[in-house]
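The structure under discussion appears below in the form of structure tokens.
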Amino acid sequence: MAKQYWLLKSEPSSYSIDDLKRDGKTEWTGVRNYQARNTMRDSMSKGDLAFYYHSGEETAIVGICEITTEAIPDKTAWDAKGHYFDAKSSPMNPIWFCREVKFKQKLKTPLTLADLRNIKGLEKMVLLQKGSRLSVQPVSEKEWEVIMGMAK
DNA sequence: GCCAACGTTGGC
DNA sequence: GCCAACGTTGGC
């Protein structure tokens with residue numbers, strides 16, 4: 001199957017691209033939205049690439065990471081003291097899933113939301129749609145290439 | 001801080 | 001199954 005592309009959102013204050021660079025890899029846990037869950041569980045493939053997007057104060061694509069595993073249960077759902085606890089999920093019957101992602105690179109210059117809105121060819125991008133707040137979302141191959149072209 | 005958009009919950 | 005109320009996300 002052809003390589004697919006994604007975009008992962010994160011608040012830099014909770015986990016930034018620099019944190020990922022430092023760690024090398026991380027489990028992309030804490031997603032508690034069914035659509036985003038389904039994307040991670042069912043649609044992604046090992047080896048796919050994803051833009052790393054900072055939401056909040058920065059609002060920009062800041063880097064690239066790679067999906068390095070199949071879907072794995074999100075263990076943070078089982079931690080009763082944690083922020084992402086969900087009593088309905090259990091090791092026997094997991095509800096939430098994640099993937100491990102590996103740091104690939106930082107963009108030399110972040111591409112801000114405002115930049116992206118001005119680039120031809122990205123009009124359909126999920127990120128740029130009104131009211132879009134999915135934290136895991138697809139990026140088309142064409143969109144990926146347009147953005148990579150701009151990031152040089 | 002404000003508010004639009006969206007998702008979830010729960011009463012009926 | 002509908003829908004109002006509520007909570008959250010996230011841009012501005």
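So you know, we letter chains A, B, ... as the sequences are listed, proteins then strands, and number each from 1.
Contact check, A:Y53 against C:dG11: a side-chain N or O comes under 4.0 Å of OP1 or OP2. For B:dA5, the OP1/OP2 oxygens have a side-chain nitrogen or oxygen of A:K130 closer than 4.0 Å. For C:dT9, neither phosphate oxygen OP1 nor OP2 lies less than 4.0 angstrom from any side-chain nitrogen or oxygen of A:K9.
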Pair A:S89, A:R32 - check side chain to side chain donor-acceptor pair (under 3.5 Å), show working. CA-CA 11 Å; A:S89 183; A:R32 294 293 179 270; over 6 Å; no

Could you go through A:D74 and A:R37, starting from their C-alpha distance and side-chain angles, then the distance that decides it, and tell me whether this counts as side-chain contact (heavy atoms from CB on, under 4.5 Å)? CA-CA 10 Å; A:D74 181 344; A:R37 189 280 309 266; over 6 Å; no

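One can place OH of A:Y84 at 12 Å from C1' of C:dT9, the figure rounded to the nearest angstrom. Per the geometry, CG belonging to A:D86 stands 12 Å off P belonging to B:dT8, to the nearest Å. For the pair A:Q35 CD and C:dT9 C1', the interatomic distance rounds to 14 Å; values are reported in whole Å. Between A:Q129 atom CD and B:dA5 atom P the separation is 13 Å, expressed in whole Å. Between A:L127 atom CG and C:dG10 atom P there is a gap of 10 Å when expressed in whole angstrom units. If you measure from atom OH of A:Y34 to atom C1' of C:dT8, you get 16 Å, rounded to the nearest angstrom. When the P atom of B:dA5 is taken as reference, atom CG of A:L128 falls 16 Å away, rounded to whole Å. Across the protein-nucleic acid pair, A:H54 atom NE2 and C:dT9 atom C1' stand 17 Å apart, rounded to whole Å.
Side-chain contact between A:K9 and A:L127: present, with at least one pair of heavy atoms (C-beta onward) separated by less than 4.5 Å.
With C:dC12, C:dG10, B:dG7 as the choices, the nucleotide that has an atom nearest any side-chain atom of A:N33 turns out to be B:dG7. Picking from B:dT8, C:dT9, C:dC12 the nucleotide with the shortest atom distance to the side chain of A:R133 gives C:dT9.
Within the 3.5 Å criterion, the main-chain N or O of A:S43 finds a donor-acceptor partner in the side chain of A:Q4.
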